[in-house]
Amino acid sequence: MSDALIVIGRDGVITRADDSDRNSVDHFRRAGRLLELSPSQYLVPGLIDTHIHAPQWPQMGTALDLPLEKWLFEYTFKLEARYSDAEFARRVYDDLVTTLLANGTTTGVYYGSIHLPATKILAQVCLDKGQRALIGRVAMDDPKQCPDNYRDGSAAIAIDETREFIRFVRSMRGNEVRLIEPVITPRFIPACTDELLRGLGKLTGETGCAVQTHCSESDWEHAYVLERMGKSDATAIRDFGLMNRRTVLAHGCHTTVSDRALIRNQGAAISHCPLSNALGSNAVLPVKSCLEEGVHVCLGTDIAGGLRASMFDAVAMAATVSKLLEDGVDATKAADSRGRAGSGISCVTAFYLATTAGGVALDLPIGLLKPGYRFDALLIDTAVPDTNLRLYDFDKSVDILQKIIWNTERQNIKKVWVNGRLVKG
Ligand code: GUN
Ligand code: FE
């Protein structure tokens with residue numbers, strides 16, 4: 001929409017978003033409550049990153065040539081174990097949340113670590129900085145797939161601490177609008193005993209919390225669950241009581257059509273993490289098929305399995321890998337059997353996954369600049385020197401949208417609002 005007036009209530013809810021009229025504009029200007037965009041500036045919905053491992057932030061860009069199971073043991077678990085140190089946690093989480101807000105991530109769905117104090121710190125940092133966040137204290141207790149120095153002492157401890165984390169977040173001072181929400185977070189089936197998964201499923205029913213976990217991420221993970229449970233990852237997650245309307249399943253690359261029918265029927269979502277998939281999942285999620293099947297799909301960076309913090313990069317990668325899936329990549333194969341026809345998505349669809357679809361997946365009124373929705377938004381300036389975003393006077397609106405989606409960098413994001421509050425700029 002060009003020349004629009006968006007009115008935001010004190011509670012952060014958009015009350016009006018339509019063509020501006022002189023009288024209203026004059027009224028808000030006189031009251032000193034009008035922000036006018038310059039011709040080079042555009043407003044877009046805030047970005048919703050539905051899969052972030054907060055403690056992995058110091059590890060960005062390392063060891064991504066390793067397969068998942070080695071990457072976890074040789075790097076990730078060793079790093080996550082450090083969050084028994086609350087001061088270290090505070091320093092990293094402060095930097096991470098500041099960085100993500102600067103990159104336009106207005107909502108983050110976070111895994112913390114197994115440490116209750118550190119995960120409480122993450123919740124407090126998000127609240128203080130004003131980022132909307134769904135956060136989970138990670139549960140993992142199976143000695144077969146977790147190291148001795150980074151594992152819950154028992155299923156009971158993990159369940160009790162998860163319960164305490166939920167209580168803490170729901171009673172945080174300043175969180176009356178529920179900007180921060182707790183998420184029940186079994187890391188993934190391989191890392192959890194049946195007793196823990198069953199207990200967390202029960203807790204999900206009791207508390208009505210959202211859930212996050214990994215599902216059929218790689219060949220190894222998919223096969224491990226099939227072998228141990230005698231059923232698919234998605235089915236097992238459902239059977240443990242962990243799949244509800246607000247469950248976010250990371251990756252899902254190896255889910256079958258019937259797994260996805262089950263996910264759709266529960267109203268759960270797959271968090272597509274295209275960069276992480278390309279590096280460590282042995283396959284790319286067929287996003288277009290998922291959308292046609294009616295599954296909720298949202299987008300994530302998978303920090304630090306994916307090596308970019310910006311959701312604009314996740315959007316670009318989602319469109320790019322979908323084209324690779326469509327055309328195939330091995331030129332020695334005939335063109336008509338090289339790829340999977342009809343798999344490509346446009347950058348606009350990818351941007352939809354990062355915004356509107358994120359709101360649908362989380363069942364929150366975010367991701368659209370429309371009355372009734374929360375004002376989570378970015379002000380993009382297309383005329384910032386020393387960036388790679390350039391507009392020309394012959395660009396049509398559709399070109400401008402595509403250029404913003406593909407080329408926005410952190411420096412172009414001049415202001416960021418969450419729930420009507422300015423959090424950057
Ligand atoms: N599966 C279990 N834990 C992890 C993790 O930290 N990152 C990714 N990408 N997959 C996982
Ligand atoms: Fe992950």
Side-chain angles (χ1 to χ4, degrees), residues 49-83 92 96 108-115 118-119 122 134-142 144-147 150-152 158 183 185-193 196-197 200 211-225 228 233-234 236-237 242 247-255 269-285 298-309 311 314 317:
D49 187 342
T50 56
H51 190 53
I52 308 164
H53 294 271
Q56 294 172 19
W57 180 231
Q59 179 182 327
M60 285 288 272
T62 57
L64 288 163
D65 46 347
L66 295 178
L68 175 65
E69 60 280 17
K70 280 199 167 176
W71 178 81
L72 288 172
F73 269 86
E74 291 176 19
Y75 277 78
T76 310
F77 292 155
K78 287 180 184 161
L79 172 58
E80 291 192 18
R82 287 179 182 270
Y83 290 77
V92 174
L96 170 64
V109 183
Y110 289 104
Y111 288 58
S113 60
I114 66 170
H115 312 99
T119 311
L122 176 60
L134 290 84
I135 300 171
R137 179 252 185 234
V138 171
M140 46 193 278
D141 71 330
D142 193 335
K144 289 195 282 300
Q145 288 298 331
C146 305
Y150 190 56
R151 183 175 76 226
D152 284 311
V183 190
T185 308
R187 182 173 205 119
F188 65 159
I189 286 183
C192 302
T193 61
L196 176 55
L197 294 161
L200 291 177
V211 178
Q212 61 183 343
T213 190
H214 296 83
C215 178
S216 293
E217 175 176 2
S218 66
D219 281 320
W220 170 80
E221 197 227 302
H222 183 69
Y224 184 95
V225 176
R228 178 174 135 198
D233 212 340
I237 290 166
L242 291 162
T247 293
V248 177
L249 302 169
H251 308 291
C253 309
H254 299 267
T255 51
I270 295 178
S271 174
H272 177 36
C273 305
L275 188 48
S276 175
N277 291 173
L279 294 165
S281 292
N282 322 108
V284 165
L285 180 76
C298 43
L299 208 56
T301 56
D302 192 23
I303 290 169
L307 59 98
R308 288 283 180 268
M311 279 295 285
M317 282 307 295

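Fair warning: this is a prediction, and the values are worked out from it, not measured in the lab. Every number for a ligand or one of its atoms is a count from 1 in the order of the listing.
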Undergrad: Please say whether Asp302 places an N or O atom under 3.5 Å from an N or O atom belonging to ligand 1.
TA: yes

Undergrad: Can you find a side-chain donor-acceptor pair between His251 and Asn277 that sits under 3.5 Å?
TA: yes

Undergrad: If you round to the nearest 0.5 Å, how far is OH of Tyr83 from CD of Gln56?
TA: 8.5 Å

Undergrad: Which of the atoms in ligand 1, numbered in the order shown and given with their element, are less than 4.0 Å from a heavy-atom of Leu68?
TA: 8 (C), 10 (N), 11 (C)

Undergrad: Thr193 and side-chain hydrogen bond (donor to acceptor under 3.5 Å, both in side chains): which partner among Asp141, Asp142, Asp152?
TA: Asp141

Undergrad: With heavy-atom distances below 4.0 Å as the criterion, list the atoms of ligand 1 near Arg187.
TA: 2 (C), 3 (N), 4 (C), 5 (C), 6 (O)

Undergrad: If you measure from each heavy atom of Trp71 to ligand 1, is any distance below 4.0 Å?
TA: yes

Undergrad: Report yes or no: does Gln56 have a heavy atom closer than 4.0 Å to ligand 1?
TA: yes

Undergrad: Given side chains that start at C-beta, do those of Leu242 and Thr213 come closer than 4.5 Å, heavy atoms only?
TA: no

Undergrad: In ligand 1, which numbered atoms sit nearer than 4.0 Å to a non-hydrogen atom of His251?
TA: 9 (N)

Undergrad: So Leu96 and Tyr110, do their side chains get closer than 4.5 Å, heavy atoms only?
TA: yes

Undergrad: What is the minimum heavy-atom distance between Ile114 and Met140, and which atoms define it?
TA: CG2-CG, 3.5 Å

Undergrad: Nearest to atom 10 (N) of ligand 1, what protein heavy atom do you find, and at what distance?
TA: Glu217 OE1, 2.6 Å

Undergrad: Can you find a heavy atom in the side chain of Ile237 that is under 4.5 Å from one in the side chain of Ile189?
TA: yes

Undergrad: For a distance under 2.8 Å, give residue and atom name for each protein N, O or S atom next to the Fe ion (ligand 2).
TA: His51 NE2, His53 NE2, His214 NE2, Asp302 OD1

Undergrad: Out of Arg187, His53, Gln59, His115, which residue meets the side-chain hydrogen bond (donor to acceptor under 3.5 Å, both in side chains) rule with Glu80?
TA: Arg187

Undergrad: Any side-chain heavy atom of Asp219 within less than 4.5 Å of one from His254?
TA: yes

